[in-house]
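Here is the structure we will look at, set down as structure tokens.
Reminder, nothing fancy here: chain letters follow the sequence lines and each chain counts from 1. Here the structure is a predicted model, which means the values were calculated and not measured.
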There are 2 protein chains.
Amino acid sequence: MTAFPLTITLPLAAAPPSLADNTADLDRLKAACAAALPPELAGLPLRVPFARMAPLAAQFRAAGFKGWAIAHNLPGLLELFDFLPEEPKLLPGIALDLGSTHLEASLIDLRSGRTLARRTALNQQVEYGADILTRIHFAAKEEGLRQLQQAAVDSINSLIMQLCQEAAVLPEDIRAAVIAGNTTMAHLLLGLSPYHLCREPYIPLVNAPDPFPAAEIGLRLHPQAMTWLLPSRGSYFGGDLIAGILAVGLDQTEQPAMLIDVGTNAEVVIGGGDWLIACAGAAGPALEGGVARMGMRAAPGAIEQVSIDRESWRLTWRSIADAPPVGICGSGLIDLAAELYLARIIDLRGKFQVEFAEQSEAQRSFVCERLRQRGDELAFMIAEGVSVSQTDLDAMIRSKAAMYAILETLTAQVGLSFEELERIHVAGAFGEHISPRQAVTLGMLPDLPLERFQPAGNTSLAGAELLLRDSGCWARAQEVCRKITYLELNVNQDFMIRFSGSRFIPHTDPGLFPSVPDFSALGISEERRASRPASRPAFASIYPRALF
Amino acid sequence: MTAFPLTITLPLAAAPPSLADNTADLDRLKAACAAALPPELAGLPLRVPFARMAPLAAQFRAAGFKGWAIAHNLPGLLELFDFLPEEPKLLPGIALDLGSTHLEASLIDLRSGRTLARRTALNQQVEYGADILTRIHFAAKEEGLRQLQQAAVDSINSLIMQLCQEAAVLPEDIRAAVIAGNTTMAHLLLGLSPYHLCREPYIPLVNAPDPFPAAEIGLRLHPQAMTWLLPSRGSYFGGDLIAGILAVGLDQTEQPAMLIDVGTNAEVVIGGGDWLIACAGAAGPALEGGVARMGMRAAPGAIEQVSIDRESWRLTWRSIADAPPVGICGSGLIDLAAELYLARIIDLRGKFQVEFAEQSEAQRSFVCERLRQRGDELAFMIAEGVSVSQTDLDAMIRSKAAMYAILETLTAQVGLSFEELERIHVAGAFGEHISPRQAVTLGMLPDLPLERFQPAGNTSLAGAELLLRDSGCWARAQEVCRKITYLELNVNQDFMIRFSGSRFIPHTDPGLFPSVPDFSALGISEERRASRPASRPAFASIYPRALF
């Protein structure tokens, strides 16, 4: 099926008016458009907004009743809003991933589908609160919502300026915007109160807003540019994830496949063609720099890779952009923990062990050199000024346990085993930077052939781009929202049990991870090996609900 | 088929949100609306305008997720724009005939279909020019178009206030407006340049504007009220006539029928179910007070009926509202001319004759008393201060000749005889006040059984009301525009020949009017009887093109 972008151009040539053909200018324009429509769009009603009647008629007449009409390809109708005497060289549209911390956008030529520019920027809302919950509370203050909306709009407008400079186009040339963001980001951008999003029963004001003029919120684009928001499924499952599902085609796969998107939360979806099931849980913070004392986002100076040569007992690391090390990011932490486990410097609970069975001298001196007392706990030094403490590691283990438990719970819910997943798409920086091998070693990802794990990039942006290029994705997105089942984890007992079982490296049941060395017989007492928490821990204490 | 008004109410009751059903407020509202739709509207896309998202969601929530939604029944989609916690007592809409001199409007409850109030007002545009052509020229001046638009809007707003007072409703309660006017009136109301309307090839800027928010032009209604303009067919065939066709059902008749609307022009349409043919010509002025020296519109003091008792030779007259006579309106003029003809005071050319064959003494003294020399011509005195001159009568004869020639040309064009017309709807004041008998005597209307002539009232307003009550008439109106054939009279040679033949009373061929006494053998020379203009008169001299 041919894909049509959200805004289309139509080459027109109409006979000039005469006594024998006294059709009105605008009706002549509409008729010429109707005649120029591709068969797939033929018959759709053509609407002209009130304010565009006079200019369109005048432009059409001035151009001698031929030229190029530009129309928004809206659900069920075409909105004719612009006319050019000459074929436009470019018809730029913008696709945007509106993250709570970062924005990433691309400028795309809707006629050729070509990407003209791509940029990231900070979300200026951070000024009013680093995390979503703070912003939701801030929005309740007088003028708070308006300030947050303005900050989002300002952030986008500044990004638009950068994209335009890079691609040498004018903001007024951009005629469509597609925005994917989580449900709170969408509410704040639209100026809608997020009050109920974080209060039981967690009801958004809107999940699926209709396309609206970009000017309504002050986006600096063409005055008649239309804005399309990817629909959300609920307070905890936003348009960014719906975009991700479209991007990796989880709604169109023949074999079951999975999408993992780790932001502040870990969000996981399995699609089997006819069905989609999703859940989200707070697995992310430790991996994103939100918890570890030295943790940071993947940025220059973040240690992103660590390895320990277990022959020579040398540690090597690499920082992003080869900058002097200033902290450690999620992938670095995973690498480190896996390497520490393989080097037996942490035990299967993730606890530092200074001495252990079958320890060599080289090993002992490596440990003595790197493992230092810091305050009342041990910390492992990676590089000058960058170390990871027991507390950091504990947080890391909780995160990886949550992640694995989420994956297990979700697959079990639909009666699948991990082996039946044809593909596991791993989105975002997490997917881009982690080593699946190390994540499997830790027991964070299931022990599958590594080629099944596929880095998917910014799937939120990719989904927005897809919609920009193919208006058919609008109906597809609404359909995804309708058919997706959302599994609530914080009322799920199975998840709690699985979480407890996952707090070991790689797992309480090492049989689940045949590719990972099993040190459980070495120096760990049988008693400890079989240990499970005496009573099930209160949910909130180990798994504080991070909403987003 | 059930008729649905242009704006509909939907009773809603949705389950309140819960953890098990976390649909967003606005999506819940939309789903409840979709479920409440009657089968005929089911499946139409429901759209919420950007600015209405937050208020609608808040109102729905505040009302406990039940109440009444209000939606515009737009072509191909429903626009949900208002919500009330209680069932509205009334849902007023306004239908308006936007005439170049007068406006007439009615306020209608869209839920019951009941008329709440009806009023007329002057078109304040008259200040900028009594006739349409003057206004078109005025529109070309700086600010001219804007001033004309404002005058139209002010006229409508003042009419709205009067209607609201009469019906005890608020302007903000009115949620839809349907306006029927000629093509120039529509352009000026929309603020669109009428420049090309009066210049060959007479091309409107728009014939069929899409519905638009009333606020766009400053109408004082509900802030989200929608305005619908009846489409025009061309510069000389406006939405007022399309409305008339709908009102009398000329597009749905099984037997051919005719609509005659006499304003400044005579506009005539014949419909035969599958086809419609129309034309317009300057037959009106003499009938509307535009030509006769004593002529005036039908208003208090206008002599509207005249009879001459041919036994007692007494003349009686009646004025509108029984007010002291100040002039004569079209129906009075027709009555007078017919009576003068029957009394043989005018001959078959419409010329006063002081003496004629077989004249009685009573007759002679009646004539001597009434027929006076005025300047260099004769004038017939009806009442103190009201007389009709030979010049007035000549204009009257030209008008009646034009009218009959229009009717003859149009019926001949489709190969019909007058006898085949099942019904002749006569619109407006003309239809309300004239005596068909006298019009037939004059040879203005064809000699058919009188019950075939049916006064149709203000068909422009009636068509607007019809559309307000039945959204299906929107498509019907567009279809009428598509299928109507417009016959240009000023390039039509047959019309010119017929016009010449019609300049006698009742006609050059008295056989066409068997019910009218034929005096042609009495005292009129054979030579004169057979007379036709020696050469065909130049079109412009007898039939100046009045455009509207």
Of all of [options], which one pairs up most often with chain A through heavy atoms under 4.5 Å apart?
options	result
B:Asp21, B:Leu26, B:Leu77, B:Leu56	B:Leu26
B:Ala208, B:Gly234, B:Gly76	B:Ala208
B:Met53, B:Arg47, B:Arg28	B:Arg47

query = Are B:Asp25 and A:Ile203 close enough, and set up right, to give a side-chain contact (heavy atoms from CB on, under 4.5 Å), and what steps lead you there?
reply = CA-CA 7 Å; B:Asp25 291 350; A:Ile203 306 299; 3.2 Å; yes
Contact origin within [X] toward chain B - heavy atom pairs under 4.5 Å:
X	result
A:Glu216	both
A:Leu205	both
A:Leu46	backbone
A:Leu19	both
A:Ser193	neither

So does A:Lys30 pair up with B:Asp210, basic N to acidic O under 4.0 Å?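 Salt bridge flag = yes for B:Asp210 with A:Lys30.
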Most contact-rich option vs chain B, by heavy-atom pairs under 4.5 angstrom, among A:Leu29, A:Thr23, A:Leu190, A:Leu44, is A:Leu190
(Q) Quick check for you: among A:Ala24, A:Pro49, A:Ala20, A:Pro209, which has the greatest number of heavy-atom pairs under 4.5 Å with chain B? (A)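 The candidate making the most pairs under 4.5 Å is A:Ala24.
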CZ (B:Arg61) and OH (A:Tyr195) are apart, to the nearest 0.5 Å, by 10.0 Å
query: Going through the checks in order, is the side-chain contact (heavy atoms from CB on, under 4.5 Å) test met by B:Thr227 and A:Phe50?
result: CA-CA 11 Å; B:Thr227 310; A:Phe50 181 81; over 6 Å; no
Taking the side chain from A:Asp27 and the backbone from B:Asn207, do they hold a donor-acceptor pair closer than 3.5 Å? yes
What I'd like to find out is whether the side chain of A:Pro17 reaches to under 4.5 Å of the side chain of B:Pro201, using heavy atoms alone. yes
Neighbour count >12 (heavy atoms, 6.0 Å) for atom CZ, B:Arg220: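 No, the 6.0 Å shell around CZ holds no more than 12 heavy atoms from other groups.
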**Item:** More than 12 heavy atoms from other groups under 6.0 Å of NZ on B:Lys141
**Value:**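 No, NZ of B:Lys141 has 12 or fewer neighbouring heavy atoms, counting only those of other groups under 6.0 Å.
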